[in-house]
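What follows is a short report on a single structure.
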There are 2 protein chains.
Amino acid sequence: MTRKTSTKLEDIARAAGVSKMTVSRVMRGGTGFSDATRDKVLAEADRLQYLPNRIAAAFGSTETSTLVGLCVPRFTSSLFGHVTESIQSNLSRLGYQTVIGSHDQIAKDEELWLKTLAAWRPAGILLAGTRHTPDTIELLKNLAVPVIELWDLTTDPLDMAVGFSHFDCGLTMGRYVAQQGRRQIGYVGAMAGIDTMGRARQNGFEAAMAEADLPLTAKEIAHDHPSFYTGFVGTENILARNPGLDALYYHDDEMAIGGIAYLNRHGIRIKHDIGVAGWGGMEAASILPERLTTTDIPAGALGKVAAEKLVTRLRGDAVDDVTVVATRLIPGNTV
Amino acid sequence: MTRKTSTKLEDIARAAGVSKMTVSRVMRGGTGFSDATRDKVLAEADRLQYLPNRIAAAFGSTETSTLVGLCVPRFTSSLFGHVTESIQSNLSRLGYQTVIGSHDQIAKDEELWLKTLAAWRPAGILLAGTRHTPDTIELLKNLAVPVIELWDLTTDPLDMAVGFSHFDCGLTMGRYVAQQGRRQIGYVGAMAGIDTMGRARQNGFEAAMAEADLPLTAKEIAHDHPSFYTGFVGTENILARNPGLDALYYHDDEMAIGGIAYLNRHGIRIKHDIGVAGWGGMEAASILPERLTTTDIPAGALGKVAAEKLVTRLRGDAVDDVTVVATRLIPGNTV
DNA sequence: TGACAATTTGTTATCGATAACAAATTGCCT
DNA sequence: AGGCAATTTGTTATCGATAACAAATTGTCA
């Protein structure tokens, strides 16, 4: 069997004239060795270009896996990009490595990803979303590691959760739009029947309509992913069927901006003729002549909180099961 | 020492009445066992809810690490989001797990990330960029695993490369803009002194200007990250200093769109008064009333090629050192 | 049927670190 | 100096799989 020949603890131990257990202790930086020993060992490790072997370390112990799994719907979304960036950099800072997966809202794909990840005995798991297959839930239970569900707090967490209520986002926006005097209000969505969180926002929005005795006049839910184009076309479709609409709530800002592009191109004045509200607080909205009415999501903060909460738990300290991240309605000037 | 109690090969072996070596062979799906044995073993594995232990497998062998490292500048960029998405899904399909890092154009951060990843003895490494510290290069050499540099082909690859020439992107666009009759041309960039690839595009662009005997009239290179806002402000600055400009080439589409927002807000007509060219082919450009003049980057294809190339090499088959991914100038209607 | 090849199965050693415990050394106090 | 505690260091067993080789079984053909 051909073996790697890189420096190992035993080589350092021999060179420094100590046992490899002592070297192990020094390398892990705890206590239980004299200053002289530490200096000698570190000098030899440096000279021999020692590269720690975490596979062997994880194998020999129960506690030292530093891999953390992160599964999101997709990395091409601006919000998930910020979450990923934040989680990765914070976990890295705390000494963990991030193993990623994406499921595109297909719970079975999350399960398949989790199965391969589980073979690596990760220290913890972060899942964006709350819809899981029964096998996923059972596997997570068997793994017995901390799990944080990100993004949505609509349902009970499996273990821990960091996020906010999408229902409340929709509810709050719905109340705001109604309060601005809009009466013929439509919803333009995406990923029909697949995206539970967009659906939760829609439900919240409809609840606000019901409160105000305003039936949600129209809905246009595309089957595609949310995108500028989906918003553009969705707006075209909903207005063709419902010419009298005076406000539109979109799945997200990207679609809202696409919708605004449609409205601009057809001489329909934003706010004056029709109100537009988005969700997500994406930077792209900054190019609009008027500030977009939307809900700001602190994606970076969410990732940071999640990473720190996971590590706190891994270190054995107590943490709250659920952390709510504050979202903020940005009134803007488009409704 | 408290140990995990999950099912191991030995448990299956005992239950199925065979040796654990036979179970190992069956689980890995090769040959060297009868159909009857395989069925018996798989049935027991299923009944006992066997979860493979890749840490032990990787430890016991030289060949079975399935972790692949991916380091990009940041995950919040649309293009890198697409690359990440594509690499992750393709590596996953081929049986590998993706461990991510981001360096935000700081070579030292890439090195630190690589050092922690190296401890996991990854099967391969994907790096977006070609600027590395000496220690990074030495570590990669010692690791002796396939390395693919993504994105830029301007310099010689360390091992393998998948990408395109940023210099050529700038050169081609520069020639196009000059050919459209523009004579007073400015460049609006970002991450001054940090981003080598944006710089390469700028160099190519300037080379085209020199060819056409057009000195690049003005440059405005922000220190910030590229963003809509950076493009907005950069445009304001460059025009304040150079009112006569008749074309602007931007670091990327995001900045170009920000620039267009500025121009629109000040009644400056795109194309008629001033030409605008971007880079990247981002979807957000689809909201513009006219199609943006830009260079389309096939980020998804690039990721797929890189993932497949890495795996081909890992399987021991021959691959080309360098794969060029075709970029495409989109004439659009803004220059 | 016998001989030899091909296939299937088992045995033993091993990867590189850590846990648990034991032993040796050092420090501190009276 | 003596005795006890605290610190430092070493020894042994072990994690769960795979590689290499050996043995047993099955298959094939003259």
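Residue numbering restarts at 1 for every chain, and letters A, B, ... go by the order of the sequence lines. This is a predicted model, so every value here is computed, not measured. Note: hydrogens, waters and symmetry copies are ignored here, and every other heavy atom, side chains too, is used.
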Does B:V26 form a side chain to side chain contact (heavy atoms under 4.5 Å, CB included) with B:I12? I'd like the steps, not just the answer. CA-CA 11 Å; B:V26 171; B:I12 300 172; over 6 Å; no
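Here A:R313 pairs with A:D159 under the salt bridge (Lys or Arg N to Asp or Glu O under 4.0 Å) rule; sequence neighbours left out. Under the rule for a ring-ring contact (aromatic ring centres under 6.0 Å, His included), the partners of A:F164 that lie at least two apart in sequence or sit in another chain are A:W151, A:H166. Under the rule for a side-chain contact (heavy atoms from CB on, under 4.5 Å), the partners of B:V305 that lie at least two apart in sequence or sit in another chain are B:V162, B:T323.
The ring-ring contact (aromatic ring centres under 6.0 Å, His included) pairs that include a residue from residues 108-148 of chain A number zero, where partners must be two or more places apart or lie in different chains. Each salt bridge (charged side-chain N to carboxylate O under 4.0 Å, His left out) pair with one or both residues in residues 22-34 of chain B, not counting sequence neighbours, would appear here, but there are none. Listed by first then second residue, pairs satisfying salt bridge (charged side-chain N to carboxylate O under 4.0 Å, His left out) with a partner in residues 31-47 of chain A read A:D35-A:R38, A:E44-A:R47, not counting sequence neighbours. Pairs of residues two or more places apart, or lying in two chains, that qualify as salt bridge (charged side-chain N to carboxylate O under 4.0 Å, His left out) and include a residue from residues 81-104 of chain B are B:R93-B:E308.
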Counting primed atoms, P, OP1 and OP2 as sugar-phosphate and everything else as base, the B/S/- map of nucleotides 22-28 of chain D against protein heavy atoms under 4.0 Å is -------
Sort me out a list of protein N/O and nucleotides 25-28 of chain C N/O pairs below 3.5 Å, or just none if empty.
none

Protein-nucleotides 7-9 of chain D N/O pairs under 3.5 Å:
unit_1 : atom_1 : unit_2 : atom_2 : d
D:dT9  : OP1    : A:S34  : OG     : 3.2
D:dT9  : OP1    : A:T37  : OG1    : 2.4
D:dT9  : OP2    : A:S34  : N      : 2.9
D:dT9  : OP2    : A:T37  : OG1    : 3.3

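The stretch residues 39-50 of chain B touches DNA chain D through B:Y50, each having a heavy atom within less than 4.0 Å of the strand.
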For residues 135-148 of chain A, tabulate all N or O donor-acceptor pairs below 3.5 Å that involve a side-chain atom, not counting sequence neighbours.
unit_1 : atom_1 : unit_2 : atom_2 : d
A:T136 : OG1    : A:T133 : OG1    : 2.8
A:N142 : ND2    : B:Q49  : OE1    : 3.3

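One N or O donor and one acceptor, one from the side chain of B:K20 and one from the base of D:dA17, sit under 3.5 Å apart.
Atom CD1 of A:I12 and atom C1' of C:dA17 are 12 Å apart (whole Å).
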